[in-house]
Amino acid sequence: ESVAISQSGNIIVSGGWNGGLNIWKEVIRRWGLAQDLEDPGAEIYNVWISPDEQTVISAGGSKSIDIWKNNQEKFELDNSLDEEDGGHSVDIWSIAALSDGKTIISGDSSGVIKVWKLSGESWELYQTLNCRDGVSKGGVVSISLSTDGKTMVSSSQNKIQVWALNEAGYWVLSETLFGHTDVVNSVKMSADGSIIVSGSDDNSIIIWQLNEGGQWVVKQVLNVESNG
């Protein structure tokens, strides 16, 4: 199950393996179910909510990206981006979005990342990135963005890929990081884009830092087993 919390802390969004998408709110110091959204019919692997609490994004086994809009305190399905729109043909494992909700980045089980942009009232596929290196065929498990939207980090199998936005506005691979010996299940980037934290099935957490030369280096390795 995937969860996300709004910036204000007032709304929690959860997506389940049974396809359920739920909105939770706190009332008199207790959280309760505020809305049970229509079952999309497939597992939900990832959810996202905008800072202004007006947009929720969900994705998973349906192979589509569902965009929900807040209409008088009730979320309604506004759009779905699927294969007919140039989208994914396999399960979507990860999503991320800029804070304004006008750029969505999705990663799938085949190792493909797609970048979507809102143009007027329509969503358009802006760019497709391939995370596969010709040897490994792992999917994109996790994606994270810096606050300014100029740096992105993704994980696939035991590697971490750092992407930078070039002057033309397209993503280019800037560096691949190797430090884990097993699948990297989660990556997060700090707001200023200077720190990456990665968690892996090898029971370690690695903290990466951008040095003065513009290279990513390991700052610290945390062993989950020895600390757990």
Side-chain angles (χ1 to χ4, degrees), residues 2 4 44-51 55-69 78-157 159-177 184 186-194 196 198 208 210 214 216:
S2 176
I44 295 176
Y45 298 140
N46 221 308
V47 293
W48 178 89
I49 184 169
S50 61
T55 305
V56 165
I57 302 171
S58 62
S62 68
K63 306 177 181 59
S64 67
I65 301 167
D66 293 329
I67 303 166
W68 308 79
K69 290 293 185 181
D78 181 69
N79 211 329
S80 289
L81 308 176
D82 54 29
E83 194 171 2
E84 292 184 358
D85 302 303
H88 300 275
S89 60
V90 294
D91 290 4
I92 300 170
W93 284 0
S94 52
I95 55 172
L98 292 184
S99 58
D100 62 5
K102 296 181 179 180
T103 299
I104 299 171
I105 300 176
S106 53
D108 71 25
S109 60
S110 72
V112 170
I113 291 176
K114 291 183 179 288
V115 182
W116 307 82
K117 286 187 177 292
L118 185 62
S119 177
E121 296 183 357
S122 301
W123 285 94
E124 297 179 356
L125 178 63
Y126 186 73
Q127 188 178 5
T128 299
L129 305 170
N130 190 346
C131 296
R132 293 168 291 189
D133 54 15
V135 178
S136 60
K137 298 181 180 180
V140 181
V141 182
S142 184
I143 299 174
S144 183
L145 289 163
S146 60
T147 300
D148 63 8
K150 295 181 179 180
T151 308
M152 172 175 67
V153 59
S154 63
S155 68
S156 180
Q157 290 202 331
K159 68 178 183 289
I160 298 163
Q161 292 176 310
V162 185
W163 308 81
L165 205 61
N166 65 16
E167 293 182 356
Y170 290 94
W171 291 101
V172 294
L173 182 64
S174 62
E175 194 171 352
T176 300
L177 309 178
V184 180
S186 181
V187 288
K188 294 294 180 183
M189 174 166 280
S190 63
D192 62 2
S194 67
I196 295 170
S198 55
W208 309 78
L210 193 62
W216 289 95

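Side-chain contact between Ile65 and Trp123 is absent, with no heavy-atom pair separated by less than 4.5 Å. Using a 4.5 Å heavy-atom threshold, the side chains of Ile160 and Trp208 count as touching. The shortest distance between side-chain heavy atoms of Thr55 and Ile67 falls below 4.5 Å. By the 4.5 Å heavy-atom criterion applied to side chains, Ser198 and Ser155 are not counted as neighbours. Residues Cys131 and Ile113 have side chains in contact (heavy-atom distance under 4.5 Å, counting atoms from C-beta outward).
Rounding to the nearest 0.5 angstrom, the gap separating the CE atom in Met189 from the OG1 atom in Thr151 is 5.5 Å. Summarising the geometry, atom CG belonging to Leu145 is positioned 10.0 Å from atom NZ belonging to Lys188; distances are rounded to the nearest 0.5 Å. To the nearest 0.5 Å, the span separating CG on Leu98 from OG on Ser146 amounts to 8.5 Å.
Contacts of Ser2 classified as side-chain hydrogen bond (donor to acceptor under 3.5 Å, both in side chains), with partners at least two apart in sequence or in another chain: none.
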List the steps and the verdict of side chain to side chain contact (heavy atoms under 4.5 Å, CB included) for Asn46 and Ile92.
-> CA-CA 8 Å; Asn46 221 308; Ile92 300 170; over 6 Å; no
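Among the candidates Val140, Val187, Val141, the single residue satisfying the side-chain contact (heavy atoms from CB on, under 4.5 Å) test with Ser94 is Val140.
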Name each donor-acceptor pair under 3.5 Å that joins a side chain in residues 169-177 to protein atoms two or more places apart or in another chain, with its distance.
unit_1	atom_1	unit_2	atom_2	d
Ser174	OG	Val162	O	2.9
Glu175	OE1	Trp216	N	3.4

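Residue-environment remark: NZ (Lys102) stays at or below the threshold of 12 foreign heavy atoms within 6.0 Å.
Under the side-chain hydrogen bond (donor to acceptor under 3.5 Å, both in side chains) criterion, the residue pairs touching residues 79-93 are Tyr45-Asp91, Asp66-Ser80, His88-Ser106, His88-Asp108, with sequence neighbours excluded.
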